[in-house]
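Data block below; observations after.
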There are 2 protein chains.
Amino acid sequence: MNVMNASPRRKELTRLAAQLFVQEGFDRTTVRMLAQEMGIKSGSLFHHFRDKQEILAAVIEEGTQNALVIAREALARCDSSPLARLHAMARAHLETLLTDRNAHVVALYEWRRLDPEARAHLSHLRDAYEALWEEVIDAALAEGVIHGDRFLVSRFVMGALNWTVRWYDPDGPRSPDELADELVAMITRTAPAA
Amino acid sequence: MNVMNASPRRKELTRLAAQLFVQEGFDRTTVRMLAQEMGIKSGSLFHHFRDKQEILAAVIEEGTQNALVIAREALARCDSSPLARLHAMARAHLETLLTDRNAHVVALYEWRRLDPEARAHLSHLRDAYEALWEEVIDAALAEGVIHGDRFLVSRFVMGALNWTVRWYDPDGPRSPDELADELVAMITRTAPAA
DNA sequence: GGGTCAACCAAGCAAGCGCTAGTGTGACTG
DNA sequence: CAGTCACACTAGCGCTTGCTTGGTTGACCC
């Protein structure tokens, strides 16, 4: 058994688990597959994690934590113009989503598999992240950079961005930043890119 | 055993399966759960479907087929103005997504669980549907109703729309049509709604 | 140099899984 | 009224699942 510590070993295992969860999905990933990927036997897994659920929670927590940090840094780094902040936020979102991809795909698509306690705990993290978005969107609305219903706009934008993990090809011609800029251009009525 | 017919019994079973797949996810839905929901024993299930995979394929085929029909009707019903067609398509998409919700959530989130043959077969259906979208978006781009990269715009729009299944509350204040109109307004640079 | 501790292993249990085999119906059909 | 058919049942096989148990190893510590 083990406390909920963040030993380096555990961090590494979490990273590997994220990869497998993305490849196979949480339910199809067996503890034996996880163990093999980690170079240990299945029983040893339960020294690091109480049960399979806890591995999932660790993956999602890690990913969301990172997203928060990156978004906050990006916001801190840019001036207070609503348009600039919108750009920064979109870029940060895609950067996280497409570089630290695994953890985020898991967070987006395996959320339902969390047990109620883990979900409650992680909800707070997610809410904190979404609060950043709403703040930026509120400012953009207030200044007339974008228009529409506050709630709907943020949902639509999040949808468009999160959906990228389903089709984006990192080896393709477009960088995450280009994607972000194109999306912002699409909704801000400024002159089109290109 | 059974051929790939579309007996009414099978259709009803497919509908029930869709509901369970949404509630529990494909992997967590056991054949015994399916059978119980259908009021039969688990063995009897395999009279209607060759295996569990085939149930999934049936659910997705049904849903995509419906989406195609609804979208085509909606397009046929409206004039040839690109903006009108954009509205019609968005409305149709959300109507399908939010009324025939179960089948579509399965199609969106359990696609990976299909075996290669089923996936190949259903890809054609999906491509046909997406072709409708690209056609409408091309026309809107050509007429300057929207701006940006053809590929990116359609992906972003699909993302925003498909994401609705994760937050939309049918008992809430907004109708699917309002959602569709708000999204179109957001990307078309016309005067904002409300 | 005995004690501690994280990390790992071998072995396996109980439960649940998808699916099969063989059989029994009652409703149509020639 | 024999034959066929869709539909359902009982019973269970063979396998995989998450997880447990009891024990071993090697690095560090006073």
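All chains are named by letter (A, B, ...) in the order of the sequence lines, taking the proteins before the strands, and each is independently numbered beginning at 1.
Separating the CE atom of A/M33 from the C1' atom of D/dT16 is a distance of 12 Å, rounded to the nearest angstrom. A/L13 has its CG atom 13 Å from the C1' atom of C/dA6, to the nearest Å. Atom NZ of B/K52 is separated from atom P of D/dC15 by 19 Å (rounded to the nearest Å). When rounded to the nearest whole Å, the span between CG of A/L45 and P of D/dT20 equals 12 Å. A/E54 has its CD atom 16 Å from the P atom of D/dG18, to the nearest Å. The interatomic distance linking B/D51 (CG) with C/dC17 (P) rounds to 17 Å, in whole Å. Spacing between atom CG of B/L34 and atom C1' of C/dC17 amounts to 13 Å, rounded to whole angstrom units. Nucleotide C/dT23 holds its P atom 20 Å from the CZ atom of B/F46, rounded to whole Å.
With contacts defined as side-chain heavy-atom distances shorter than 4.5 Å, the pair B/M33/B/S42 does not qualify.
For the contact set between residues 14-28 of chain A and DNA chain C, defined by any heavy atom under 4.0 Å, there are no members.
For B/Y168, there are no ring-ring contact (aromatic ring centres under 6.0 Å, His included) partners two or more places apart in sequence or in a different chain. In this structure, A/H104 has no side-chain hydrogen bond (donor to acceptor under 3.5 Å, both in side chains) partners at least two apart in sequence or on a different chain. For B/N102, the side-chain hydrogen bond (donor to acceptor under 3.5 Å, both in side chains) criterion is met by no residue, not counting sequence neighbours. Under the salt bridge (Lys or Arg N to Asp or Glu O under 4.0 Å) criterion, B/R72 pairs with no residue at all, not counting sequence neighbours. For the ring-ring contact (aromatic ring centres under 6.0 Å, His included) test, residues two or more places apart in sequence or in another chain that qualify with A/F26 are A/F21.
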Table please: side-chain donor-acceptor pairs of residues 153-162 of chain B below 3.5 Å, with sequence neighbours left out.
from	atom 1	to	atom 2	distance (Å)
B/S154	OG	B/R150	O	3.3
B/S154	OG	B/F151	O	3.0
B/N162	OD1	B/H93	NE2	2.8
B/N162	ND2	B/M158	O	3.3

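An OP1 or OP2 oxygen of C/dC8 is reached within less than 4.0 angstrom by a side-chain nitrogen or oxygen of A/H48. Applying the 4.0 Å criterion to OP1 and OP2 of C/dC8, one finds that A/R9 has a side-chain N or O inside that range. For the OP1/OP2 pair of D/dC7 and a distance below 4.0 Å, the side-chain nitrogens and oxygens of B/H47 include at least one atom meeting the criterion.
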Which atom pairs link the protein and nucleotides 9-12 of chain C when you take only N or O atoms and keep those under 3.5 Å?
from	atom 1	to	atom 2	distance (Å)
C/dC9	OP2	A/K41	N	2.5
C/dC9	OP2	A/S44	OG	3.0

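Within the structure, every pair that satisfies the salt bridge (charged side-chain N to carboxylate O under 4.0 Å, His left out) test and touches residues 14-42 of chain B, not counting sequence neighbours, is listed here: A/D27-B/R28, A/R28-B/D27, B/E12-B/R15, B/D27-B/R113.
The main-chain N or O of A/D181 is never found under 3.5 Å from a side-chain atom of A/R91 such that the two would form a donor-acceptor pair.
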